[in-house]
2 protein chains.
Amino acid sequence: MPSIKEVAQLANVSPATVSLVLNGKGNISPETRQRVMDVVHKLGYTRNVRARNLRDQQSRVIGYARANTRPEYNPILEQFTYYLVREIEKQDRHLLLFTSPDDSDVAPYADMIDGQHVDGFVLSYTVKNDVRFKFLHEANVPFVAFGRSLSPMDELVHWVDVDGRAGMFDATNHLIQKGHERIAIIAWDEESASGQEREEGYLLALQQAGITPRPDFTNRKLNGVENGYLGASQLMSLPNPPTAIVCVSDMIAAGVLRWSVMNHIQLGVVGFDDHPISQFTHPSLSSVRQPVERVAIRIAQLLAKQLDGEDVDGVCELIPPELVVRESSV
Amino acid sequence: MPSIKEVAQLANVSPATVSLVLNGKGNISPETRQRVMDVVHKLGYTRNVRARNLRDQQSRVIGYARANTRPEYNPILEQFTYYLVREIEKQDRHLLLFTSPDDSDVAPYADMIDGQHVDGFVLSYTVKNDVRFKFLHEANVPFVAFGRSLSPMDELVHWVDVDGRAGMFDATNHLIQKGHERIAIIAWDEESASGQEREEGYLLALQQAGITPRPDFTNRKLNGVENGYLGASQLMSLPNPPTAIVCVSDMIAAGVLRWSVMNHIQLGVVGFDDHPISQFTHPSLSSVRQPVERVAIRIAQLLAKQLDGEDVDGVCELIPPELVVRESSV
DNA sequence: TTGTACGCGTTATCAG
DNA sequence: CTGATAACGCGTACAA
């Protein structure tokens, strides 16, 4: 692996000159420039990124944690990660994956900072009062979150989120338009920031249609197909049961669908995420599609701004999702 | 961020001494050692990993590419990535994600090597005669592949794979035991190494049962639920159509299931991967479960061996998968 | 254009 | 036997 010194020797110039040529800086005569470039090509020289980063006191690496508390898999985050990497590479940065035993554990983040492995972070799976927001903000480490903490910290930090309230409002409203009046929801536990948003959209749509929400129509479950099945069976054994169910995720919705097919009871169902399999469940599942690519791109851009020192505090963006209507809600 | 120099000054020793203490090397008196450690703790000093890596000529980072030619998502690889990161962290290494326009494009790999971002690679989505094998082997860069190339290169490099032949043999044999005689397969294109293995298992099981394979019973599709649907409709319009279909992936199998439900035709179906949704399709899907965690752990270990210089050439491992029987094949 | 110092930790060499 | 000095890895910025 040739170094800048070898190039300098062969080109009869100083290492400094080579550096300037490589970076298009300084006043270098065309001949010298040419001579240097020739040697660079002949040797197949490529700059040692690590040396440069050491000097610049940066790593040009972004950290992104995968929590292991959620073995259920998440196609949204998988896509998100892909788009994120792609956008970050445009900035000549890279994405480093690390694990976190728990989303509310800041220790792995501290380790990454102390080891100076990363210049900043992307967070996902945010929860209410997410401790990472406070920790990273106080540590003065750049980061952008996919999702909010629904706390005052949201004013101070950078986040991009899908407007779950609008999405669930649309979903619920769509069912109302189809004639449903008894609409239930299967939501996550109250700790989930995104879950809470989606619930609010549901309630809002009911209110606007003059329907009084029934407390027993809110069923809380962890994510998962089996939990959707369970939730549906619980909701449908209520007196005066719902005729339609909105779900905070397609996994849950798939379980609801499964229950309705098994029990031969027609049910309006709308999910959330537009999971790849939604178009092929039976019946196919109406869902709220998250604009994952847009989110990833914006996050990468906001992070780059911070990293490049253009910081303005508290930039945030809410991106509206899109309702995709299929057989489960016609 | 305190440096080793500051620690040295406060402890009244030289930076070298601090380094020796930190690494438990050299002959340092207990008092000096204690004095240094006290200052280290007082300052909250952590070693600058980048400086160390520059000196050691390594990055302690493993590269892993995500190809963007396959927007369909893959829960197996998502899990795989997670387990991989976890195991690699035990080695004080990290996983760097990068994108590749195409699995058979080595340019992104070359870039990562030239930039000295990584010490080695993990490959997945291997294809027949995978060009990356040859390239990385010749470049003398350590790597371990999840999957083979079904070429002579397989003898020279390191790979770990799930025994798709055994898995598909079991799946097919299971259907034969259930009384099926006309069993078709929906496979991938012939470029896919893992796809070919699985086909062989299918053929093997038929042969062993004395069933002559029908060429028109092999249907090739790209992965995806919609393609499974299409494949099923094509196979089922053949004269003397199959009574059962094995599929190289659960995505494809889900499409087959969908077709069979829509057309009210009972069909034995077995998929491959044990996708999380398989237990909740209607009917639930029998599938071949990949031991992803074991694969990831072995890959990380084999890579570590190479990186630590214990190289032995051509270590490879075939790990048997497990058939999970559900409603679609009873 | 170039010499030189610097970023930071490690290790071989050398002095006490 | 203990610990300091200096060179090294490599690229970049500033003064000359």
Side-chain angles (χ1 to χ4, degrees), chain A residues 1-40 43-61 92-93 113-119 308-309, chain B residues 1-40 43-61 92 111-119 308:
Chain A
M1 202 49 67
S3 80
I4 204 169
K5 276 187 198 162
E6 302 175 43
V7 176
Q9 277 195 325
L10 280 181
N12 266 79
V13 292
S14 73
T17 307
V18 178
S19 176
L20 291 174
V21 168
L22 251 31
N23 295 305
K25 294 180 181 175
N27 286 345
I28 312 290
S29 71
E31 309 93 66
T32 310
R33 185 175 298 277
Q34 190 55 50
R35 193 150 34 88
V36 170
M37 288 313 288
D38 285 347
V39 177
V40 164
L43 260 51
Y45 168 80
T46 45
R47 169 167 41 218
N48 182 323
V49 181
R50 255 175 293 122
R52 203 235 309 249
N53 287 346
L54 172 61
R55 190 172 204 298
D56 295 350
Q57 295 289 67
Q58 57 169 353
S59 63
R60 300 201 74 81
V61 170
D92 259 307
R93 295 195 168 90
I113 297 167
D114 289 342
Q116 303 186 44
H117 291 288
V118 301
D119 294 335
D308 296 339
Chain B
M1 202 53 64
S3 81
I4 204 170
K5 275 187 200 163
E6 302 174 43
V7 175
Q9 276 195 327
L10 281 181
N12 267 76
V13 292
S14 74
T17 306
V18 177
S19 176
L20 292 174
V21 169
L22 250 30
N23 295 306
K25 293 181 180 174
N27 285 347
I28 311 289
S29 70
E31 309 93 64
T32 310
R33 187 175 297 278
Q34 190 55 50
R35 192 149 35 90
V36 170
M37 289 312 290
D38 286 347
V39 177
V40 164
L43 261 51
Y45 169 80
T46 45
R47 160 166 52 218
N48 183 323
V49 181
R50 256 174 292 122
R52 200 231 315 246
N53 287 346
L54 171 61
R55 188 168 205 299
D56 295 350
Q57 295 289 67
Q58 58 168 352
S59 62
R60 300 201 74 82
V61 170
D92 259 309
D111 288 343
M112 297 305 287
I113 297 167
D114 289 342
Q116 303 186 43
H117 291 288
V118 300
D119 294 335
D308 296 339

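Only a predicted model underlies this, so the values are computations on that prediction, with no experimental measurement involved. Computed from heavy atoms alone, side chains included, the values below leave out hydrogens, waters and symmetry copies. Chain A is the first sequence line, chain B the second, and so forth, proteins listed ahead of strands; every chain is numbered from 1.
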> Which nucleotide sits closest to the side chain of B:D56: C:dT10, D:dC1, C:dT2?
Replying inline: C:dT10

> Does the side chain of B:V21 come within less than 4.5 Å of B:T32's, by heavy atoms?
Replying inline: no

>> Using a 4.0 Å heavy-atom cut-off, does B:R50 contact any base of the nucleic acid, only the sugar-phosphate backbone, or nothing at all?
In response: nothing

> Taking atom C1' of C:dG7 as reference, at what distance in whole Å does atom CG of A:N53 sit?
Replying inline: 12 Å

>> Once you apply a heavy-atom cut-off of 4.0 Å, does B:V13 come out as touching a base, just sugar-phosphate, or nothing?
In response: sugar-phosphate

>> Rounding to an integer number of Å, can you tell me how far B:Q34 CD sits from D:dT2 P?
In response: 16 Å

>> So, does B:S29 get its side chain near the phosphate of D:dG3, meaning an N or O under 4.0 Å from OP1 or OP2?
In response: yes

> Starting at CD1 of A:I4 and ending at P of C:dT2, how long is that distance when rounded to a whole Å?
Replying inline: 12 Å

> Is any side-chain N or O of A:N23 closer than 4.0 Å to OP1 or OP2 of D:dT12?
Replying inline: yes

>> Please report the distance, rounded to the nearest Å, between CD in B:E31 and C1' in D:dG3.
In response: 13 Å

>> I'd like to check B:T46 versus B:M1 (side-chain heavy atoms, cut-off strictly below 4.5 Å). Are they in contact?
In response: yes

> Is A:R93 salt-bridged to A:D308, going by a charged N under 4.0 Å from an acidic O?
Replying inline: yes

> Can you tell me how far P of C:dA15 sits from CG of B:N27, to the nearest Å?
Replying inline: 19 Å

> Nearest-Å distance, CD (A:E6) to P (D:dC10)?
Replying inline: 8 Å

> D:dT12 phosphate, OP1 or OP2: any side-chain N/O from A:R52 under 4.0 angstrom?
Replying inline: yes

> Among D:dG9, C:dG9, D:dC1, which is the nearest nucleotide to the side chain of B:L54?
Replying inline: D:dG9

> Rounded to the nearest Å, what distance is computed from the CZ atom of residue A:R60 to the P atom of nucleotide D:dG11?
Replying inline: 17 Å

>> Could you tell me if the side chain of A:S19 sits less than 4.5 Å from the side chain of A:I4, heavy atoms only?
In response: yes

>> At less than 4.0 Å, is any side-chain N or O atom of A:R55 found next to OP1 or OP2 of C:dC6? Yes or no.
In response: no

>> Does a side-chain N or O of B:Q57 approach OP1 or OP2 of D:dC8 to a distance below 4.0 Å, or not?
In response: no

> Mapping B:A51 and B:A16 to their closest nucleotides on DNA chain C, which lands nearer the 5' end?
Replying inline: B:A51

> Taking CG from A:L20 and P from D:dA15, how many angstroms apart are they, rounded to a whole number?
Replying inline: 14 Å

> Under 4.0 Å between a side-chain N or O of B:Q116 and OP1 or OP2 of D:dC10?
Replying inline: no

> Is the distance from OP1 or OP2 of C:dT1 to the nearest side-chain N or O of A:T32 less than 4.0 Å?
Replying inline: yes

> For the side-chain contact (heavy atoms from CB on, under 4.5 Å) test, which of B:V13, B:T17, B:V39, B:D38 pairs with B:V7?
Replying inline: B:V39

>> If the cut-off is 4.0 Å, is A:K5 near the phosphate of D:dC10, judged by side-chain N/O to OP1 or OP2?
In response: no

> Do the side chains of B:R47 and A:D114 get nearer than 4.5 Å, heavy atoms only?
Replying inline: no

>> For C:dT2 and A:T17 - does any side-chain N or O of the residue sit under 4.0 Å from the phosphate oxygens OP1/OP2?
In response: yes

> OP1 or OP2 of D:dC10 less than 4.0 angstrom from a side-chain nitrogen or oxygen of A:Y45, does that happen here?
Replying inline: no

